[in-house]
Amino acid sequence: MSRYVRQTGLFPQGEADQKRLLEAHILVVGAGGLGATVLPALAGAGCGRMTVVDHDRVDESNLHRQTLFRMDDIGRFKAACVADRLSDLNPDCQIVPVAERLEPTLARSLLTDVSVVVDAADSVAVTYLLSDLCVEAGLPLVSASVLGRSGYAGGFCGTAPDYRAVFPDLPAILPNCAEAGVMGPVVAVLGAIQAQMVLSVLLQTQPSPLGQIMTLDLERWRSSSFRFDAAVSSEGDGPFILGLEEIRADDRVFDLRGLEEQGPPSVSWAVRGPIEHPETVAKGMGRTVFVCASGLRAWRAAKRFSTQAGGPAFIATTGR
């Protein structure tokens, strides 16, 4: 009996569609909670090649939701663990692990010959970066985010508006999983929806998940869905995301991290420390770049600066 017989009967073109999956190349950014469901679902379905990007290592606090990993994996790179697990699951699927932090230069280099991009990274800076790059490359992006007991999954770019068209700016408060917590089953459900969206994009089924967002609230037992085909992107308004390696010597760089914060340095000439009123920073000759660990403080500073100065602002992140 064929490995894929239970699904090919549902495909519009049967075996021809299965061949399309085997020829697909999916870039998956993030091998954590969402990835724990997205990755085996796509490998099991017979997607032929997946490049998996994640610079993080397995920690015991991951294991309640990142069910691809075991106690013996603690301390190992997640991308390497994923390659081992999925190769055992389906030898038809080639896994290319990339245990590096996603910077714009690396992201651009990985987009060659990609069919669809999956954002499972749990980082707003990464989501905006991937959306901008997918617009440039004309690639579809399937993104999801989970916090607490709720989240969403959506299809962006390609034939649909980009992420900025729906989320032009960050919310006033944006806690992370470490602060607000996250329930494993919620992550698994949204990861499964994300995987189904990817398969539907690859198989070109209608209606397309591109231009569609599904939201899920398992605290109040609610779900909803809406289309955003007519949304207009604010991509030209920025802020524009740079990698640290893309910062130029004539850029003015403001590293918003406090001196007590640990982490890799940004650039040697950066002005280090919080800025209470970034809109008062004088406009200079070079680009103005705000830097922080996650991108949240830098984003808000850049928005306030660009609104006041009337010119573009850029952000970069150092990672946590």
Side-chain angles (χ1 to χ4, degrees), residues 3-4 6-7 21 26-102 116-123 126-127 142-154 175-200 214-219 221 223 320:
R3 171 188 288 269
Y4 308 111
R6 292 291 185 264
Q7 66 185 27
L21 294 184
I26 304 169
L27 173 62
V28 182
V29 181
L34 290 165
T37 298
V38 171
L39 289 163
L42 295 179
C47 295
R49 183 182 178 194
M50 285 194 286
T51 298
V52 182
V53 184
D54 197 313
H55 70 286
D56 202 6
R57 296 176 184 267
V58 178
D59 184 84
E60 188 174 3
S61 66
N62 302 147
L63 300 181
H64 82 285
R65 67 192 186 282
Q66 299 180 18
T67 51
L68 273 178
F69 309 127
R70 304 293 180 262
M71 289 294 292
D72 290 346
D73 294 323
I74 291 174
R76 294 184 64 201
F77 281 112
K78 293 179 180 180
C81 294
V82 164
D84 292 342
R85 298 285 186 276
L86 299 188
S87 296
D88 290 340
L89 172 64
N90 189 352
D92 290 345
C93 185
Q94 178 189 2
I95 309 298
V96 181
V98 180
E100 297 182 44
R101 185 169 173 270
L102 190 78
V116 60
V117 178
V118 178
D119 167 29
D122 191 29
S123 164
V126 168
T127 302
V142 176
S143 178
S145 179
V146 187
L147 197 65
R149 297 179 179 87
S150 63
Y152 70 86
N176 56 37
C177 291
E179 297 167 344
V182 63
M183 292 294 290
V186 184
V187 181
V189 172
L190 283 161
I193 293 172
Q194 206 176 3
Q196 187 62 47
M197 285 183 163
V198 172
L199 294 175
S200 295
M214 296 188 67
T215 65
L216 185 67
D217 180 349
L218 293 188
E219 181 176 2
W221 302 105
S223 64
R320 296 187 183 278

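In what follows, every heavy atom counts, from backbone to side chain, and hydrogens, waters and symmetry copies are set aside.
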Partners passing salt bridge (charged side-chain N to carboxylate O under 4.0 Å, His left out) against Asp59 (at least two apart in sequence or in another chain)
none
Could you tell me which residues satisfy side chain to side chain contact (heavy atoms under 4.5 Å, CB included) with Ala41, sequence neighbours excluded, listed by chain and number?
Ala195
Return the set of residues passing side chain to side chain donor-acceptor pair (under 3.5 Å) with Thr215 (not counting sequence neighbours), or none when no residue passes.
Ser224
Under the side chain to side chain contact (heavy atoms under 4.5 Å, CB included) rule, collect the residues that match up with Val28, sequence neighbours excluded.
Ile26, Leu39, Met50, Val118
Arg70: partners by side chain to side chain donor-acceptor pair (under 3.5 Å), with sequence neighbours left out:
none
For Ser150, enumerate each residue passing the side chain to side chain contact (heavy atoms under 4.5 Å, CB included) test, keeping only those at least two apart in sequence or located in another chain.
Asp217
Mind checking ring pair (Phe, Tyr, Trp, His ring centres under 6.0 Å) for Phe69 and listing every partner two or more places apart, or none if nothing turns up?
none
Sequence neighbours excluded, which residues qualify as salt bridge (charged side-chain N to carboxylate O under 4.0 Å, His left out) partners of Asp56?
Lys78
For Asp92, check salt bridge (charged side-chain N to carboxylate O under 4.0 Å, His left out) against everything at least two apart and list the hits.
none
Side chain to side chain contact (heavy atoms under 4.5 Å, CB included) involving Leu216 - partner list, sequence neighbours excluded
Val189, Leu190, Leu218, Ser223
Mind checking salt bridge (charged side-chain N to carboxylate O under 4.0 Å, His left out) for Arg49 and listing every partner two or more places apart, or none if nothing turns up?
none
Does Ser145 have any side chain to side chain donor-acceptor pair (under 3.5 Å) partners at least two apart in sequence or in another chain, and if so, which?
none
